[in-house]
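This structure is a prediction, so every number in the text was calculated from the model and none was measured.
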Amino acid sequence: MKERTTLKKSLKAHWVWAIALGSSIGWGAFVQPTTWMSSAGPMGVIAGFGIGALLMMLIAVSYGFLIKSFPVSGGEFAYSYISLGRTHAFIAGWFLTLGYICIVALNASAFALMFKFVFPALIENLKLYQIAGWDVYGMEIVVASVALGIFGFFNIRGTGLSGRMQFIFCSVMVISVVALTLLVGAQPGAGLSNVAPMFPAETTAFAAIISIVAIAPWAYVGFDNVPQAAEEFHFSSRKAFTLIILAILFAAILYSLMILATAMIAPWESLVAQGEVWGTGAAVQELLGTMGLIILVTALTMGVFTGLNGFIISSSRLLFAMSRAKIIPDAFSKLHPKHKTPYVGIIFTVIVSMFAPWFGREALLWVVDMSSIGVTVAYFYTCFTAFTLFKTNMGPGFNAAKHVVAPTKKVISAIGMAASLVFLGLLLIPGSPAFLGIESRIALAIWIGLGILFYIIKRKEFNQIPEKELNYLILGNEKIEAENK
């Protein structure tokens with residue numbers, strides 16, 4: 001049997017926390033507050049994100065157990081294989097690959113959008129065409145592509161470098177958000193009085209909160225980057241659960257502080273009514289001047305950088321794990337001769353993401369909305385796998401190599417499965433607050449169709465791999481057998 005390629009253990013615990021937090025807090029926390037408040041009001045958004053964080057923590061229980069038991073690259077791809085076998089492993093990997101690469105692309109386009117707000121004369125050059133009402137500029141494409149190229153280069157140079165950078169970026173982002181909130185609160189005329197009314201007049205408090213809970217999988221996607229990096233932990237995998245919980249908690253606090261800071265500037269209903277492209281940016285600049293805008297732009301830049309960095313790491317590790325299992329070409333599991341990083345996956349992620357700015361931001365948002373389905377599917381698979389491995393007692397079928405007696409955690413993993421199905425329902429059931437638009441549904445259908453076609457082509461070859469060999473390639477241990485093949 002060919003020896004399994006493995007990744008170097010170089011990630012420290014605080015770097016992994018930064019990967020989870022930085023990936024969860026991207027452009028949305030700084031660009032979207034007025035959009036979110038228009039539909040849910042300040043308290044609706046804060047309560048919605050708080051409930052969403054609690055649901056994500058329930059799902060994180062399953063992640064913590066599986067990372068500790070199976071510290072391998074691939075995350076949900078490997079977990080789906082453990083409980084449901086080859087076909088479901090492919091489904092999880094296929095959806096996640098799209099989700100991760102889309103988020104890399106969206107962060108790059110958000111970076112260009114920020115430049116467009118701060119330096120409009122620079123970016124609004126070389127107008128090329130218009131897609132879905134969005135003007136596409138040549139300079140916008142250049143800025144996004146340069147950012148992608150730089151982070152691709154840093155990731156190829158080594159996980160240690162990208163992990164260290166991630167922690168620095170995260171620290172600067174947290175400090176900037178806290179400083180901005182305190183500065184806004186200290187200004188005459190600004191303050192908590194502007195936060196009223198708590199909810200929009202035209203909707204109920206329940207509907208307002210649910211509309212935000214529905215986007216929780218998108219808002220907190222990033223904590224699930226931790227299992228993708230598990231093979232590179234330079235610390236005990238038992239710490240993973242604590243790191244994930246801390247990352248979700250910090251993410252919920254940062255989201256809430258940005259909503260609070262925006263709402264305190266002026267009566268929030270008037271901010272929303274202005275219809276600014278970047279409502280928070282315009283409001284902060286008017287209240288705090290250039291210095292306030294610099295702090296906000298710094299926080300946004302760090303949020304985008306951490307998202308770019310974190311999801312390039314995750315995308316390349318997922319591609320690496322799928323290649324190692326012989327689902328996709330062998331090139332993706334090749335390591336750089338000097339830096340020992342999965343450089344082909346990094347380059348692939350960067351190049352594919354570079355196409356995104358050419359299609360305009362609106363078209364990209366359709367694909368990203370659709371990719372929320374993939375992330376939610378991955379949550380379900382993880383909770384389902386944990387549910388099968390948690391046992392209420394040491395009865396028939398108990399295998400000490402795989403199972404653990406944990407009735408409470410079994411119930412929590414079942415709740416996680418239910419929460420994932422609710423999120424899927426909110427995205428797919430007509431009339432729900434987060435129902436996907438027609439463009440997103442078309443993109444989803446195309447991606448599913450491509451996945452079916454690719455699987456049909458690869459199925460015979462994939463199914464010919466002996467079970468023991470596939471166990472070894474995916475999990476690093478040929479004796480741990482998946483439950484269904």
What distance do Ile215 atom CD1 and Gln32 atom CD have between them, rounded to the nearest 0.5 Å? 8.0 Å
4.5 Å side-chain heavy-atom contact, Ile313 and Ile19: yes
How are the rings of Phe151 and Phe154 set to each other: parallel, tilted or perpendicular (split at 30° and 60°)? perpendicular
Are Phe241 and Phe65 near enough that their ring centres are under 6.0 Å apart? no
Any sub-3.5 Å donor-acceptor pair from Trp27's side-chain atoms to Asn107's backbone N or O? no
Does a donor on one side chain sit under 3.5 Å from an acceptor on the other, for Tyr379 and Glu76? no
Taking atom types as modelled and ignoring hydrogens, do the side chains of Ser62 and Ser413 form a donor-acceptor contact shorter than 3.5 angstrom? no
Looking only at heavy atoms, the pair that brings Ala251 and Ser24 closest together is CB-CB, 4.1 Å
Run the ring pair (Phe, Tyr, Trp, His ring centres under 6.0 Å) test against Phe311 and tell me which residues pass, sequence neighbours left out. Tyr100
Would a distance-only check, ignoring hydrogens and angles, find a side-chain to backbone donor-acceptor pair under 3.5 Å from Trp17 to Phe167? no
Is there side-chain contact between Leu21 and Leu254, with at least one heavy-atom pair below 4.5 Å? yes
Short side-chain donor-acceptor distance under 3.5 Å, Asn309 and Ser162: no
How long is the straight-line distance from CG of Leu308 back to OG1 of Thr349, given to the nearest 0.5 Å? 11.5 Å
Could you tell me the separation between the CG atom of Leu180 and the CD1 atom of Ile175, rounded to the nearest 0.5 Å? 13.5 Å
The reported gap from OG1 in Thr97 to CD1 in Ile327 (rounded to nearest 0.5 angstrom) is 9.5 Å
Taking side-chain contact (heavy atoms from CB on, under 4.5 Å) as the criterion, tell me which of Ile212, Ile46, Val272, Thr262 meets it with Trp36. Ile212
For Phe454, does the CZ atom sit with more than 12 other heavy atoms under 6.0 Å from it, leaving out its own atoms? yes
Lys/Arg N to Asp/Glu carboxylate O, Glu232 vs Arg317, below 4.0 Å: yes
In plain terms, say whether Glu467 and Arg86 are close enough for a salt bridge, that is, a side-chain N and a carboxylate O under 4.0 Å apart. no
Residues, nucleotides or ligands: over 12 heavy atoms within 6.0 Å of Phe250 CZ: no
Tightest non-hydrogen contact, residues Lys409 and Val61, listed as CG-CG1, 4.2 Å
Is there side-chain contact between Phe95 and Ile448, with heavy atoms separated by less than 4.5 Å? yes
Considering all heavy atoms of both residues, which atom of Ser80 and which atom of Ala92 are nearest to each other, and what is their separation? OG-CB, 3.3 Å
Phe384 and Phe380 aromatic ring geometry - parallel, tilted or perpendicular at 30°/60° bounds: parallel
With a 4.5 Å limit on heavy-atom distance, are the side chains of Leu428 and Ile373 in contact? yes
Evaluate the side-chain proximity of Leu427 to Thr376: yes if any heavy-atom separation is below 4.5 Å, no if none is. yes
Roughly how far, to the nearest 0.5 Å, is the CE atom of Met322 from the CZ atom of Phe462? 8.0 Å
Residue pair Ile67 / Phe233, side-chain heavy-atom distance below 4.5 Å: yes
Of all heavy-atom pairs between Gly345 and Phe332, which one has the smallest distance, and what is that distance? CA-CD2, 3.8 Å
Should we count CZ of Phe359 as having more than 12 external heavy atoms under 6.0 Å? no
Hey, which of Tyr381, Trp447, Phe77 is the one that makes ring pair (Phe, Tyr, Trp, His ring centres under 6.0 Å) with Trp94? Trp447
Sub-6.0 Å ring centroid separation between Phe90 and Tyr455: yes
Please answer whether the main-chain N or O of Ser73 pairs with a side-chain N or O of Gln228 as donor and acceptor at a distance below 3.5 Å. no
Drop me the distance from Leu148's CG to Ile346's CD1, to the nearest 0.5 angstrom. 13.0 Å
Given the ring of Phe387, does Lys410 sit roughly above its face, with NZ or CZ under 6.0 Å from the centre of the six-membered ring and within 45° of the axis? yes
Keeping Tyr220 on the side-chain end and Phe49 on the backbone end, is there a donor-acceptor pair under 3.5 Å? yes
